[in-house]
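Because the structure is predicted, anything quoted here is derived from the model rather than measured.
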Amino acid sequence: MQIAGSALNSSGPGEWYKGSVSANVNANPKELDFLVSECSAPQYVGKTSLGIYKISGDTLTVSQNEPGVSERPPSFRLSLDNRVFVFLKQ
């Protein structure tokens, strides 16, 4: 994943996303919105993925719902409705 300003690019085997990200650092937990502008799943283009995030030391943990779902994930636990990503600062 690459983040430059508000632009986000993410790719994996057979799956990729491009779009813009915005954060609400005043919410508890902190909120992260990802607006999909291009991706390998055309049905998500133009939709927003609502999520939450936390930073602990050099670790960023993000829990995101499927683009188009109108709610945020309730926690950082993986479920059928969300994905959880853990990133380490390099």
Side-chain angles (χ1 to χ4, degrees):
M1 177 188 315
Q2 296 175 317
I3 299 175
S6 65
L8 183 141
N9 293 315
S10 176
S11 63
E15 185 176 7
W16 57 272
Y17 295 89
K18 290 184 180 182
S20 59
V21 64
S22 61
N24 179 354
V25 298
N26 296 316
N28 186 17
K30 294 174 175 56
E31 298 174 343
L32 190 69
D33 296 351
F34 175 58
L35 175 60
V36 180
S37 60
E38 300 176 47
C39 75
S40 56
Q43 69 270 24
Y44 294 146
V45 173
K47 295 185 178 176
T48 300
S49 173
L50 301 179
I52 56 175
Y53 75 96
K54 64 182 176 180
I55 298 172
S56 179
D58 289 342
T59 304
L60 167 65
T61 305
V62 178
S63 179
Q64 291 285 136
N65 273 345
E66 181 179 2
V69 173
S70 62
E71 298 175 347
R72 294 184 191 282
S75 72
F76 294 97
R77 290 189 166 169
L78 183 62
S79 73
L80 294 175
D81 299 322
N82 73 326
R83 288 186 171 179
V84 176
F85 306 91
V86 178
F87 302 98
L88 301 175
K89 183 177 179 182
Q90 296 183 349

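There is no path of hydrophobic side-chain contacts, each under 4.5 Å, that joins F87 to F76. In the hydrophobic clustering of this structure, V25 groups with V62; members are Ile, Leu, Val, Met, Phe, Trp, Tyr whose side-chain heavy atoms approach within less than 4.5 Å, directly or through other members. There is a path of hydrophobic side-chain contacts, each under 4.5 Å, that joins L60 to L32.
A distance of 15.0 Å separates CG in L35 from OH in Y44, rounded to the nearest 0.5 Å.
Residue pairs meeting the salt bridge (Lys or Arg N to Asp or Glu O under 4.0 Å) criterion with at least one partner in residues 21-33, sequence neighbours excluded, are E31-R72, D33-R72.
In this structure, the side-chain hydrogen bond (donor to acceptor under 3.5 Å, both in side chains) partners of S79, at least two apart in sequence or on a different chain, are N82. For D81, the salt bridge (charged side-chain N to carboxylate O under 4.0 Å, His left out) criterion is met by no residue, not counting sequence neighbours. Considering only residues two or more places apart in sequence or on other chains, E38 meets the salt bridge (charged side-chain N to carboxylate O under 4.0 Å, His left out) condition with none of them.
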Could you tabulate the donor-acceptor pairs under 3.5 Å formed by side-chain atoms of residues 48-59, not counting sequence neighbours?
from: S49; atom 1: OG; to: Q64; atom 2: NE2; distance (Å): 2.7
from: S49; atom 1: OG; to: N65; atom 2: O; distance (Å): 2.5

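Using a 30° and 60° split on the angle between ring planes, Y17 and F34 fall in the perpendicular class, above 60°.
Heavy-atom contacts from other residues, nucleotides or ligands closer than 6.0 Å to CD of E71 number 12 or fewer.
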